[in-house]
Protein chains: 2
Amino acid sequence: MSDERPDLAAMLHPLLRALIAAEMPVLAEHDVSMWGYAVLTALDDTPVRTQAALAEAIGADKSRIIGTLDELQEAGLIERTPDPNDRRVRLLSITPKGRRVRSAVRKGIRAAEDRLLATLPAADRETFLRAVRELYDAH
Amino acid sequence: MSDERPDLAAMLHPLLRALIAAEMPVLAEHDVSMWGYAVLTALDDTPVRTQAALAEAIGADKSRIIGTLDELQEAGLIERTPDPNDRRVRLLSITPKGRRVRSAVRKGIRAAEDRLLATLPAADRETFLRAVRELYDAH
DNA sequence: TATTGTTATACTCTATAACTATA
DNA sequence: TATAGTTATAGAGTATAACAATA
């Protein structure tokens, strides 16, 4: 029986798709993209950074997040201020409004996760989340 | 503590990436693409099907698997024979060689999975796999 | 008219390379 | 010259639509 299961990636892939699909309405409700939410999260957890460092932190290329930063700035969720010490860099920071949006989105996403995980017995769910976190930290 | 973790999708995404990266060398070693392996797996588990049904089964579009089928047929891993009863459809079947390749690839992939999961305590690993399977079956 | 397999087209992501302005 | 941010270009992957053969 234990060898009859599908490959791990073959199971995780549709699972992740379902998870993302469940998060889409939450993101749409608050008018942020997935990358926008990732940026808000990174900025909220560690306030100031250069754009390149931010990109690195969320696993994207520096050129790829620019559109996202433009949108977030336009919406007043982040600020980009020139660094007086080195006028090449733009100091990034999340605004109070950005923090509120991030918090609201996270709450909605956690609720969606809970619904998706609801079929698991509580003990298994705990272990599952702990295992995912451990694997995530290791890679 | 339980609220301090990253979002589930934010953890699963890089995890899946790492898993896929670990599988790449195995696939390359046996000269099959990821989709090719998915096709072999689907055909091995339920032998005969139309291309459209096969595509549906592996979560792809019927137009998207054609190149994959061409490659597999070229390599002698599957056969496409016209259905005498309905000459529009091509009956699909996996060849003995295809079965061997599928089996060898799966063995390599399972080994890669084991290495990736090795950091987890045995009990947690069991529960993790059981939970993933249950969630996968539910979606 | 509907369906199977196929080809062609377009659209989304992403990766890479140029360009500017500063240093 | 090297680096931060930006823009432009090209590639992979995917989704959709059109097409020919058959039912």
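Proteins come first, then strands; the chains are lettered A, B, ... in the order of their sequence lines, and each starts at number 1. Not measured: the values here are computed from a predicted model.
- Using a 4.0 Å heavy-atom criterion, one finds that Asp61(B) contacts the bases of the nucleic acid, with or without backbone contacts as well.
- Within the structure, a side-chain polar atom (N or O) of Arg80(A) is placed less than 4.0 Å from OP1 or OP2 of dT6(D).
- Residue contacts for Arg49(A): at a heavy-atom cut-off of 4.0 Å it reaches no nucleic acid atom on any strand shown.
- Of the residues near DNA chain C, Arg64(A) and Pro84(A), the one whose nearest nucleotide (by heavy atom distance) lies more toward the 5' end is Arg64(A).
- By the 4.0 Å N-to-carboxylate-O rule, Glu113(B) lies close enough to Arg5(A) to be salt-bridged with it.
- For Arg99(B), the CZ atom sits in a packed shell: over 12 heavy atoms of surrounding residues, nucleotides or ligands are nearer than 6.0 Å.
- The interatomic distance linking Lys62(B) (NZ) with dA18(D) (P) rounds to 13 Å, in whole Å.
- Computed from coordinates, the Arg90(B) CZ to dG5(C) P distance equals 8 Å when rounded to whole Å.
- Here dT3(C) presents its P atom at 19 Å from CG of Asn85(B), a figure rounded to the nearest Å.
- Side-chain atoms of Arg88(B) and base atoms of dT3(C) include a donor and an acceptor less than 3.5 Å apart.
- Along DNA chain C, the nucleotide closest to Gly59(A) and the one closest to Arg87(A) are compared, and the more 5′ of them pairs with Gly59(A).
- The CD1 atom of Ile20(B) sits 13 Å away from the C1' atom of dG13(D) (whole-angstrom rounding).
- Contact annotation for Thr50(A): backbone-only contact, meaning every heavy-atom pair under 4.0 Å involves sugar-phosphate atoms and none involves a base.
- Looking at Ser63(A), its side chain has no donor and acceptor atom pair within 3.5 Å of the base of dT14(C).
- No path of Ile, Leu, Val, Met, Phe, Trp and Tyr side chains, each step under 4.5 Å between heavy atoms, connects Ile65(A) with Leu91(A), placing them in separate hydrophobic clusters.
- Between the CD1 atom of Ile65(B) and the C1' atom of dT4(C) there is a distance of 12 Å, rounded to whole Å.
- Atoms CD (Glu56(B)) and P (dA15(D)) sit 13 Å apart, rounded to a whole Å.
- At least one side-chain nitrogen or oxygen of Trp35(A) sits closer than 4.0 Å to the OP1 or OP2 atom of dT14(C).
- Put simply, CD on Gln73(A) and CD on Glu79(A) are 8.0 Å apart, with the number rounded to the nearest 0.5 Å.
- Mapped onto DNA chain D by nearest heavy atom, Asp86(B) and Ala52(A) fall at different nucleotides, with Ala52(A) at the one closer to the 5' end.
- In this structure, Asp114(A) does not pair ionically with Arg125(A), as no charged nitrogen and carboxylate oxygen lie closer than 4.0 Å.
- Atom CD in Gln73(B) sits roughly 9 Å away from atom P in dT6(C) (whole-Å rounding).
- Gln51(B) places its CD atom 11 Å from the P atom of dT4(C), with the value rounded to the nearest Å.
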